[in-house]
Amino acid sequence: MSGIQGFHINSPLTESIAMAKRLGTTVYLKMESSQPAGSFKIRGIGHLVRKIAGSNSRGVVCSSGGNAGLATAYAARKLNIPATIILPSSSLQLVEEKLQDQGATVKWVGKVWDDANAEALRLAESEKLVYIPPFDHPVLWEGNSSIVHELKASLPCRPGAVVLSVGGGGLFCGVMQGLDEVGWGSVPVLCMETFGADCLNAAIKAGHQVTLPDITSEAKSLGAKTACSAAFEYSKRSNVISELVTDRQALEAVELFLDEERVLVELACGASLAAVYSGVVRRLQDEGRLPKPLGLLVVIVCGGSGISLAQLQHLRTVCKSENYNSHDPVNS
């Protein structure tokens, strides 16, 4: 932990009285939405950029649906080096504006992240840039593990469970590494995804890594078609639980969180919040998969910059329309 150097802050850890009232147990929120560039991504990516690029490099290139790119651009600006961010067409226009505000060069390539990533790898080779993966690198996971070290220093006791959203698996891997490092390796970890952006859940069900045919969820920040191999390996542990929610449930969680905690987060973050708001935690307790009483629950509020009042209204229009093809919230 002492070797982690980046650009992140020790994010606020707040107690949620409203969530505690719903669950009947103490709930703490690790507010990664307060990080520079808007999400937890600055932990791992800031650490990675400083360690493998540094101020003497020709620049960095990152493929991203938004948040990894913003973290890369922020770190590059702090080091005064160029940053090129490759966005798929599924990314939001407001993300491009934020990237440009950080001084990054933005290119649009392909439909989903996997397409953009192929272009980032090509540019890294042809332009001699340092490639910054958005979630699949051990140095990045090391940076993300700092979340758990902060929890260890601040929580009054060992948590009964940790809830987080999973896209490609970078946050999940960092949290698992951190839990091992602080002696909490047996703490249950609830991995939340949305239907249509569920590469880890699909891999768990198949018993091997899988590549989704497409990303159909509106939670585009979860939009990796394949989870990293380390995430799949961690998912084999008995204390890891994988669950899915619909986009509509994630959106309702975003709205409730805004009402109750006065913070607006991305739909991707809403997946983890829906573990509380949509009754997933309570169901898992009833099924005996989480302890009852649970003790202290930690929800990692991963944040995200791909949200605004206009985007929230768009999500309401799409996800709550009668014709929206939403999955039934079945047991995953």
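- We find that R122 and E119 are joined by a salt bridge, their nearest charged nitrogen and carboxylate oxygen being less than 4.0 Å apart.
- A 6.0 Å sphere centred on NZ of K78 holds no more than 12 heavy atoms belonging to other residues, nucleotides or ligands.
- A cation-pi arrangement is found for R50 relative to F7, the charged atom lying closer than 6.0 Å to the ring centre and inside a 45° cone about the ring normal.
- Using modelled atom types, one finds a donor on one side chain and an acceptor on the other under 3.5 Å when comparing E96 with Q93.
- Put simply, the side chain of Q209 gets close to the backbone of A227: a donor and an acceptor are under 3.5 Å apart.
- For the residue pair K30/S11, the side-chain donor-acceptor check at 3.5 Å is satisfied.
- There is a side-chain donor-acceptor pair under 3.5 Å between R158 and S186.
- Although no hydrogens or angles enter the test, the distance criterion places no donor-acceptor pair under 3.5 Å between the side chain of E193 and the main chain of S242.
- A donor-acceptor contact shorter than 3.5 Å links the side chain of S305 to the backbone of A37.
- Counting non-hydrogen atoms of other residues, nucleotides and ligands closer than 6.0 Å to CG of D259 gives a total above 12.
- In terms of the side-chain contact (heavy atoms from CB on, under 4.5 Å) criterion, S238 has no residue partners (sequence neighbours excluded).
- A side-chain donor from one of N67 and E266 sits under 3.5 Å from a side-chain acceptor of the other.
- A donor-acceptor distance shorter than 3.5 angstrom exists from the side chain of R248 to the backbone of C319, with no hydrogens or angles considered.
- Counting only distance, with no hydrogens or angles, the side chain of E32 and the backbone of S39 share no donor-acceptor pair below 3.5 Å.
- Using modelled atom types, one finds a donor on one side chain and an acceptor on the other under 3.5 Å when comparing W113 with S63.
- With values rounded to the nearest 0.5 angstrom, N201 atom CG is found 4.0 Å from L244 atom CG.
- For the residue pair T211/T226, the side-chain donor-acceptor check at 3.5 Å is satisfied.
- Side chain to side chain, E260 and Y277 meet the donor-acceptor criterion of an N or O pair below 3.5 Å.
- Between the side chain of S154 and the main chain of L151, no donor-acceptor pair closer than 3.5 Å is present.
- Between the side chain of K41 and the backbone N or O of P134, at least one donor-acceptor pair lies under 3.5 Å.
- Judged as a side-chain hydrogen bond (donor to acceptor under 3.5 Å, both in side chains), and not counting sequence neighbours, N239 has no contacts.
- The closest side-chain donor-acceptor pair between D180 and Y234, if any, does not fall under 3.5 angstrom.
- With hydrogens and angles left out, the side-chain atoms of E261 and S16 include a donor and acceptor closer than 3.5 Å.
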